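One structure below.
Numbers here simply count residues along the sequence, with the first being 1. As the structure is a prediction and not an experimental result, all values here were calculated from the model.
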Amino acid sequence: MTDEDVGFLLRSDLALVTIEAPAGCGKTFQGANYALDAASSLAAGRVLILTHTHAARSVFANRTRRLLDRVEIRTIDSFLTEIAAIYHRTLNFPLDVGSWARENSAYDVVAARCKELLERSRNVSRAAALRYPIIICDEHQDASVDQHAAIMAIHRAGSRVRFLGDSMQIIYGGAGARTSAAVKRWEGLKSEGGWGSLTNPHRWRSGSMELGEWVLAAREALASGKAIDLAGKLPTGLTVLHAANSARLAHKAITMAADDRRQISMMARKSSQLFVLTVGNERVDHLNAFFNRSVRIWEGHGREALSSLVKSVEDSSGTPSGIVEALLSFVDGTCTGFTDSTHGRRLRQEVLDGCSKPSRGLPAHLQVIGRFILDEPNHRGLSRSLTLLRGHITSKTPGFANVSIDLKSEFQDAVKLGSYASAGEGLIEITRRRTFSHPQPPAKCISTIHKAKGLECDNALIMMCDKQSFSNTDYKRRLLYVGLSRAMENLTLVICRDEPSPLFTF
């Protein structure tokens, strides 16, 4: 279909329309433009845009900014959590459903109970439909069974719904039955309401159109069970490097000979912008060291480390030893060089001894950190300890010269906890502010492909393209495609020389 045909279909009187679009083919552009047109003509209510990531939410917010009073943009988790909060007694939830779901990783439970409520109570679903007469669901291929059913219940109550997505970007369900069910559900939407597709590669500018066409061809090859052909002349904007990974745990770590490493490091130094993409958080950590921490880790929009810290602090409030363990666990997850043998063991002992023994050097610094916790064994003492620790790391105080903060935003937010009445209250407010701040990745960063989904960049580097990261499975084919489609101008693939991914031929 042409872009004009899809635009007409979205604006039709059909109650349900589904549009499939490969990455970079104008799905967000079409969805945002439709939202603006629909919002301008609504007599009552708002257009609701539901996304699956805060990154996508940010993009829609920027493109619909002039009518934000008539367009509401939420992640689907936060939307269903809001419904659950309104009816928390009926659904047997605590008053603060959001904190409960976040701390217990229970957004699936929230979706399941909301689905039952919306399907069972016509009044509730009708109220949602009246408030949101038009709902646009972005990346709907990633919706769970219950999330999809909840939206369909509101649709049956009167909302006009537009689903936007791409079956080749179903990656959040992993390699199991959940992904297979999501593919089947997405394909089933073709028989409900209107169906259209976008195929024009808008993401790639005139100078990189060859790369865009290559990415679409790669998508077709991966979708049909074939390998991507890297033999012969490569398109402008695509670079293929071959390197060997000699790490003992090659699926987690990366160790290279000087010559192989040099070509990658040189490219990273010369690039003013670079998105390094990989598979798995452990690989992210190792790549951070590989680039000598000159390329930051993109933390995404989650608050995993902070949420765990808050829970530990609340569980241990009033107990210095418990607060110390919470601090050490948090620092271990956000920093490097602050290990149990170099710092943790001594800090525990200092707190146990009441920080009373005369000390010099590193033990003295750890003693001061420990005193803050002894004086206030709660989130305030923790905040003061982290503030002092950050100062030592920044100033390279002897004993801390080899310590680095890798997750800077997460660490900074943990420091802020001390300014709130409780750690839990702080987490709620920090999360709320982060939701509306629309943070973007730094110019040079490292990320998992999962966290990069929904983002685009000028230059992307995927490493390593080995058989562990990208094996010949449907799930890994989708994962590779999501990675390939992030770059708008230059894409570099680092192919493992010894164990290359079977998804490429040379």
Side-chain angles (χ1 to χ4, degrees), residues 23 168-169 171 175 211-212 214-235 237-257 259-268 271 274-291 295 298 445-453 455 457 459-506:
M168 275 300 289
Q169 296 189 64
I171 62 173
L211 178 61
W214 179 87
V215 170
L216 288 183
R219 178 185 186 275
E220 290 304 308
L222 292 168
S224 61
K226 300 176 182 176
I228 300 170
D229 187 4
L230 293 179
K233 186 177 181 298
L234 300 177
L238 176 64
T239 301
V240 177
L241 302 177
H242 294 268
N245 182 10
S246 58
R248 186 173 62 85
L249 298 175
H251 63 291
K252 297 179 180 180
I254 292 180
T255 302
M256 288 184 183
D259 289 343
D260 287 346
R261 185 188 185 108
R262 189 178 299 113
Q263 57 183 345
I264 300 170
S265 299
M266 185 180 301
M267 186 192 68
S271 299
L274 184 65
F275 214 162
V276 182
L277 302 176
T278 193
V279 176
N281 289 320
E282 289 177 306
R283 269 273 175 91
V284 168
D285 292 338
H286 280 280
L287 282 172
N288 187 228
F290 179 89
F291 289 106
V295 183
W298 164 235
C445 61
I446 307 166
S447 171
T448 63
I449 292 175
H450 282 87
K451 287 183 179 178
K453 190 170 179 291
L455 297 173
C457 59
N459 310 302
L461 166 68
I462 301 179
M463 63 184 295
M464 296 283 293
C465 295
D466 52 35
K467 70 178 184 181
Q468 289 89 2
S469 299
F470 301 109
S471 56
N472 190 9
T473 66
D474 288 343
Y475 167 66
K476 288 301 181 74
R477 286 172 176 275
R478 291 186 173 88
L479 192 64
L480 175 60
Y481 166 65
V482 171
L484 295 177
S485 56
R486 299 306 98 195
M488 296 185 292
E489 294 184 1
N490 298 289
L491 171 65
T492 301
L493 306 176
V494 180
I495 308 290
C496 184
R497 188 180 292 117
D498 301 324
E499 296 184 322
S501 166
L503 302 183
F504 297 102
T505 58
F506 309 98

- Note on the structure: Applied to residues 481-506, the salt bridge (charged side-chain N to carboxylate O under 4.0 Å, His left out) test, sequence neighbours excluded, yields R205-E489, D260-R497, K467-E499

Donor-acceptor pair, [X] side chain versus [Y] backbone, under 3.5 Å?
X    : Y    : answer
T278 : M463 : yes
N288 : V295 : yes
S471 : Q468 : no
S501 : F470 : yes
S224 : A221 : yes

- Task: Look up atom CE in M168 and atom CG in L484, then write down how far apart they are to the nearest 0.5 Å.
- Result: 9.5 Å

- Query: Nearest 0.5 Å, what's the CG-CZ distance between L222 and R477?
  - Reply: 6.0 Å

- Is the shortest heavy-atom distance from the side chain of I446 to the side chain of D285 under 4.5 Å?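 No, their side chains stay 4.5 Å or more apart.
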
- Message: With heavy-atom distances below 4.5 Å as the criterion, would you say the side chains of F290 and R261 are in contact?
- Response: yes

- Which pair of non-hydrogen atoms, one from L277 and one from I449, has the smallest distance, and what is that distance?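 Distance-wise, the nearest heavy atoms are CB-CG1, 4.1 Å.
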
- Indicate the ring-plane relationship of F506 and H242, choosing parallel, tilted or perpendicular according to the 30° and 60° boundaries. perpendicular

- Mind checking side chain to side chain contact (heavy atoms under 4.5 Å, CB included) for L241 and listing every partner two or more places apart, or none if nothing turns up?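 Counting only residues at least two positions away or on another chain, L241 forms a side chain to side chain contact (heavy atoms under 4.5 Å, CB included) with T239, Q263, I264, T492.
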
